There are 4 protein chains.
Amino acid sequence: MAGSVNKVILIGNVGADPEIRRTQDGRPIANLRIATSESWRDRNSGERREKTEWHTVVVFNEGLCKVVEQYVKKGAKLYIEGALQTRKWQDQTGNDRYSTEIVLQGFNSTLTMLDGRGEGGGDRRGGSDFGSSGGGGPSYDDYGSQPSSSSSPSSSRGGSGSGSFSRDMDDDIPF
Amino acid sequence: MAGSVNKVILIGNVGADPEIRRTQDGRPIANLRIATSESWRDRNSGERREKTEWHTVVVFNEGLCKVVEQYVKKGAKLYIEGALQTRKWQDQTGNDRYSTEIVLQGFNSTLTMLDGRGEGGGDRRGGSDFGSSGGGGPSYDDYGSQPSSSSSPSSSRGGSGSGSFSRDMDDDIPF
Amino acid sequence: MAGSVNKVILIGNVGADPEIRRTQDGRPIANLRIATSESWRDRNSGERREKTEWHTVVVFNEGLCKVVEQYVKKGAKLYIEGALQTRKWQDQTGNDRYSTEIVLQGFNSTLTMLDGRGEGGGDRRGGSDFGSSGGGGPSYDDYGSQPSSSSSPSSSRGGSGSGSFSRDMDDDIPF
Amino acid sequence: MAGSVNKVILIGNVGADPEIRRTQDGRPIANLRIATSESWRDRNSGERREKTEWHTVVVFNEGLCKVVEQYVKKGAKLYIEGALQTRKWQDQTGNDRYSTEIVLQGFNSTLTMLDGRGEGGGDRRGGSDFGSSGGGGPSYDDYGSQPSSSSSPSSSRGGSGSGSFSRDMDDDIPF
DNA sequence: TTTT
DNA sequence: TTTT
């Protein structure tokens, strides 16, 4: 479909230490639970009320997974930009079930830490020098699948490397 | 939780004519199915592939519901801004099930038609004068539950009266 | 124009204590300078580089202005959602000049504090009952110019009374 | 700064055919003027009013520039995602002047055509197979600085190629 | 002028 | 200068 946009922006706190799994060919996948909440004053009682919403975030990007692995802990406040995806699966009785997740994969996915936690631990990017639009803190823009060749015009763009921090859209990652 | 954001932005097409229900006290609720899709060229086969994602959108806002009722038809292209909400329910066997929906309710919810359809049908807002940030087309910003008392602090905020919700725009505020 | 969107989302730090002015009829206007920055590793030197961008934010909404006045100080980290506006003015030599600002006014404007500062200072909303979608912290959704007439179609939209602008949230709407 | 976000989202119409320039080393830069507008009913007069805002968009990304060059014409409706940037320059009298633009460069930049125009002209991406999150229409996600080397781990990611559609952040492009 |  |  021409002209389609599917974007989720969350700022919230991580409910538990992230789980990192690996695909058979070794790529990491991180799962996060993020809480957002809104509060308001009840019109009748006048008392403050709060409602929390829990979101499941799945990170397919290698670079972002590294950030998650090294820095994201229970309680961390994150900025997340990803896309909605509803996954179909079967429960034990064989019935179709659907789960909607926020997927960080490929373009226009971002994960940025909004509190100081996890910082100062050296270069979280290991030997590579990923670009980062999020500043000095653990932040990572998943800009797809950047090759690492330095001979390309733009691979010379500092960061580069990064190479692989986005899994392929058409890969069949079991999850 | 201080500092929380829960925002979904979609541009996609409506899969079927919307359903409008009513609550017991008469407020409308509209349900929409919206498709977004991405396409890419497969690295191996070289052929173009496309993946469509279907989203369930629930509109609680009366003004937005009117726009939906009058203008949104199967095939319409919409811009939607809302929030994620996961609703728990029980299936016929009593098992817990969860459905994630994009809710348009309260502030920061928007629905704008991006194609010409549905326009020109007179003032869809009837006698009311809702504001619209989306221009001349059927567009509606769901600004939630506006104070009904004229003594409320914010109703004093110029504009007031929905018709003028951009009221400041034509004021000559010196700054 | 049908189907128009003009939205800016910033997360950044406030460069100086905000200035609050008042219009002749007493409405407050707050001005903020917000810095965002991106950093990356230089491709040649390998050293980390950083570029800071400064944004001028103008808050026309009374409720948001109160939040700014009471809580936002130099250094605060904010989430801002507003619209771009370019203002024309004349310099002392009479030449046309243009300034582009992020305006928080009307719907779909939000200001949320992302650090703990400013919290715990009692109810910043005083006697007023603004809604807040941002949780317990100083947060405010600028929903513009709410209808002051209780006969308006949208004031009938449940919630009403700003205090409860998420009113539907605690309603038990069957769907 | 850790945890910074600078994002602009526009849906609007192009005011004039785009201008494409080239840097000394041959990379294209496209300039667009985009109009967004909001309309509302005046509270006093009851008549409909409209205000148009004009935005300057600068596209540094090669892939996006190609899309602009081939498909974007005066009147086209676009979805744009970029970042704010204020550029300092000197007028003829040597006075400092500032211009704020929406820059499409690097991560998290997107340009998608929302009307049918320009479509059907074959594969606008030439021999390359860029990834695209925007569907079958002329759409392009600027995911940073992708190298063109096919030996890179991720260049195998379908689309890839694309190579160079983002100029470097620290390049000194005169404009 | 912020922040890391 | 767009669009409705």
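By convention in this document, chain letters (A, B, ...) are assigned in the order of the sequence lines, proteins followed by strands, and residues within each chain are numbered from 1. Since this is a predicted model, take the numbers as computed values, not measurements.
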(message) Is the base of F:dT2 stacked against the aromatic ring of D:Trp54, taking ring centres under 5.5 Å apart and planes under 30° as the test?
(response) no
Integer-rounded Å distance: [N] [atom2] and [X] [atom1]:
X        : N     : atom1 : atom2 : value
D:Glu38  : F:dT4 : CD    : P     : 18 Å
C:Asp17  : E:dT3 : CG    : P     : 11 Å
C:Leu32  : E:dT2 : CG    : C1'   : 12 Å
C:Glu50  : E:dT2 : CD    : P     : 12 Å
D:Asp115 : F:dT3 : CG    : P     : 10 Å
C:Arg33  : E:dT2 : CZ    : P     : 12 Å
C:Leu10  : E:dT2 : CG    : P     : 18 Å
C:His55  : E:dT2 : NE2   : P     : 15 Å

(request) Would you mind checking if C:Arg48 and C:Asp42 are paired as a salt bridge, meaning a charged N to carboxylate O distance below 4.0 Å? (result)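 No.
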(request) Ignoring the backbone of D:Ala16, work out which of E:dT3, F:dT1, F:dT3 is nearest its side chain. (result)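 Taking heavy atoms from C-beta onward, the closest nucleotide is F:dT1.
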(request) Among the candidates F:dT1, F:dT4, E:dT2, find the nucleotide nearest to the side-chain atoms of C:Asn13. (result) E:dT2
(message) Between D:Trp89 and D:Ser99, is there a side-chain donor-acceptor contact under 3.5 Å, judged purely by atom types and distance?
(response) yes
(message) Base of F:dT1, side chain of D:Thr52 - is there a donor-acceptor contact under 3.5 Å?
(response)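 By the distance-only test, no, there is no pair.
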(message) Tell me every residue that passes side-chain hydrogen bond (donor to acceptor under 3.5 Å, both in side chains) with D:Asn31, counting only those two or more places apart in sequence or in another chain.
(response) none
(request) Go through the structure and list residues passing side-chain hydrogen bond (donor to acceptor under 3.5 Å, both in side chains) with D:Asn95, not counting sequence neighbours. (result)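 Listed in chain order: D:Thr93.
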